[in-house]
Protein chains: 2
Amino acid sequence: MELESKLSQSEKSILTIQSEVQNTNRIALSVDCVIFGFDENKLKVLLIRSDLKKYKGKWSLLGDLIKPAEDLDKSAYRILQQRTGLDDIYLEQVHTFGEIKRHPAGRVITVAYYSLINIQHHKLKIYDNELHWHDVKNVTDLAFDHQEIFDTCYKRLQKRILEHPLGFNLLPKKFSLRELQNLYESILDTKMDRRNFRKKFFSMDLLTDLNEMEQDVPHRPGKLYQFNFKKYEKKKKTWIGIDF
Amino acid sequence: MELESKLSQSEKSILTIQSEVQNTNRIALSVDCVIFGFDENKLKVLLIRSDLKKYKGKWSLLGDLIKPAEDLDKSAYRILQQRTGLDDIYLEQVHTFGEIKRHPAGRVITVAYYSLINIQHHKLKIYDNELHWHDVKNVTDLAFDHQEIFDTCYKRLQKRILEHPLGFNLLPKKFSLRELQNLYESILDTKMDRRNFRKKFFSMDLLTDLNEMEQDVPHRPGKLYQFNFKKYEKKKKTWIGIDF
DNA sequence: AAATAATGTGTTAGATTTACACATTAAATT
DNA sequence: AATTTAATGTGTAAATCTAACACATTATTT
């Protein structure tokens with residue numbers, strides 16, 4: 001009991017799962033979230049230390065069992081809210097992982113999501129030192145099949161950001177084009193030409209020029225921009241058929 | 001009992017589901033497959049008549065509950081094999097649908113796949129007249145949330161085929177470029193320029209010229225080609241990072 | 001034998017992507 | 001205060017990819 005109350009991951013309900021799954025024909029279902037953030041010019045992912053002794057010391061994704069009276073998407077949303085305190089979260093379902101022996105406690109099928117959050121807003125809420133923001137470059141050897149889940153979600157993000165301007169979910173409301181480009185370069189792990197990058201983005205016509213400049217930067221300040229959600233929503237409608 | 005033995009869909013286990021789901025914390029899980037075929041120059045989808053009285057007369061996707069001792073992908077594969085008798089099936093997981101009230105029998109979350117099969121091979125196996133190949137253009141008002149699932153899977157196929165040469169799974173081993181183009185035009189619901197289409201495909205270097213001609217066509221016969229799976233697998237490796 | 005309807009190929013214009021160079025500005029240094 | 005530095009901000013040319021388009025060829029049909 002005491003043990004269980006301290007656990008707040010997929011692992012939380014292992015004892016429960018083990019007894020229940022084995023005695024019924026139903027299958028236990030969980031959600032696992034790959035939570036991306038962007039800080040210090042690096043793409044980060046929020047991980048939690050696994051409590052399961054088989055995976056002692058390993059890191060794992062944030063997840064939980066789905067409640068029977070809860071929409072699947074709501075379930076993912078709830079996990080994020082509980083963990084980050086944020087409710088303006090970009091969330092995308094990626095894949096469902098269902099190998100028989102993927103979870104040591106028994107049959108658990110998990111639906112993987114990735115989410116993009118503004119790490120500056122969130123930063124203060126990590127009181128729990130079992131939680132940590134990792135550089136995506138250093139993410140290896142996660143618990144369970146979470147490495148595979150992470151890899152899949154990261155690839156999906158890389159692909160998506162080439163098709164949709166998702167990056168704004170990771171940046172503060174006001175940002176410079178350099179910050180935006182740094183974000184793209186971090187996510188895609190490439191270098192891009194500054195001039196072509198600007199040209200491309202301006203041609204998309206999704207940025208509002210705020211007529212403000214960066215403050216407190218150790219070099220010539222750049223202009224600040226804001227993402228124009230209205231225009232994006234309009235444009236998105238004309239993409240239907242190509243999307244998804 | 002007699003009723004249940006006649007049902008072979010998701011609906012099959014409604015009675016079972018209803019009693020079990022409500023009495024446990026577990027969630028029932030099913031797989032639904034959008035099975036695409038290509039015949040008479042039209043893209044088709046295999047549907048089954050719903051037996052549920054709420055959806056009497058409506059068509060639905062092929063699906064079944066996932067067995068507790070079965071990998072998720074295997075489960076989808078099994079459903080296809082049982083239905084089509086084929087085992088060289090292209091299968092892709094698309095999305096998991098988990099709204100609380102999506103299924104009238106209780107909480108059932110379903111994992112949607114689409115598959116591509118060679119309808120000529122399969123054609124003979126439809127003894128069951130509850131099964132029918134529908135033109136994708138005429139697919140409306142399916143049972144449950146199957147219309148949404150179908151739409152999602154169809155869009156995914158449309159997108160995928162622009163990135164990967166999946167069409168071969170829908171064609172006989174030997175095919176002409178006109179047949180290939182007809183397939184693309186059916187899937188994407190567009191007309192394409194014949195000359196540009198050929199150029200594009202030849203430049204991909206995935207077709208083996210069989211030095212054979214079409215037989216029994218009411219016009220000048222075209223050359224026959226075969227898809228080169230080896231070359232495709234090689235090329236696919238160089239795409240990693242962009243894929244998924 | 002002529003007409004038909006398809007296959008098979010090449011060229012040109014347009015759009016998009018990539019490569020690359022120079023002037024400008026504010027901070028940091030001397 | 002003047003100079004250096006390191007970033008921002010803009011424009012142009014080459015290369016690649018995509019789209020539009022025309023004519024000769026071949027087997028079938030008339």
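Just the heavy atoms: all of them, side chains too, but no hydrogens, waters or symmetry mates, feed the values below.
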Can you label the angle between the [X] ring and the [Y] ring as parallel, tilted or perpendicular, going by 30° and 60°?
X	Y	value
His134(A)	His132(A)	perpendicular
Phe175(B)	Phe168(B)	tilted
Tyr90(A)	Tyr114(A)	tilted
Phe144(B)	His146(B)	tilted

Could you tell me how far apart Arg198(A) (CZ) and dT10(D) (C1') are, to the nearest whole angstrom? 8 Å

Between [options], which nucleotide has the shortest distance from any of its atoms to the side chain of [X]?
X	options	answer
Arg194(B)	dA21(C), dG8(C), dA19(D)	dG8(C)
Lys200(B)	dT18(D), dT29(D), dT9(C)	dT18(D)
Asn196(A)	dT18(C), dA28(C), dA7(D)	dT18(C)
Arg220(A)	dA6(C), dT24(C), dG11(D)	dT24(C)
Arg195(A)	dA26(C), dA19(D), dT10(D)	dT10(D)

Tell me which of Asp193(A) and His219(A) sits closer to the 5' end of DNA chain C, going by the nucleotide each one is nearest to.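 By nearest-heavy-atom nucleotide position, the 5'-most residue is Asp193(A).
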
Check if the side chain of Lys199(B) and the base of dT11(C) share a donor-acceptor pair of N or O atoms closer than 3.5 Å.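 For Lys199(B), whose side chain was compared with the base of dT11(C), there is a donor-acceptor pair (under 3.5 Å).
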
Would you please say whether a donor-acceptor pair under 3.5 Å links the side chains of Asp87(B) and Tyr77(B)?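 Their side chains do not contain a donor-acceptor pair, so the 3.5 Å distance test is not met.
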
Under 4.0 Å, heavy atom to any atom of DNA chain C: which of residues 172-188 of chain B qualify? Arg178(B)

Going by the salt bridge (Lys or Arg N to Asp or Glu O under 4.0 Å) test, name the single residue among Lys231(B), Lys230(B), Lys234(B) that passes it with Asp205(B). Lys231(B)

How would you label the contact of Lys223(A) with the nucleic acid (heavy atoms, under 4.0 Å): base, sugar-phosphate, or nothing?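 Counting heavy atoms under 4.0 Å across all strands, the contact made by Lys223(A) is with sugar-phosphate only.
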
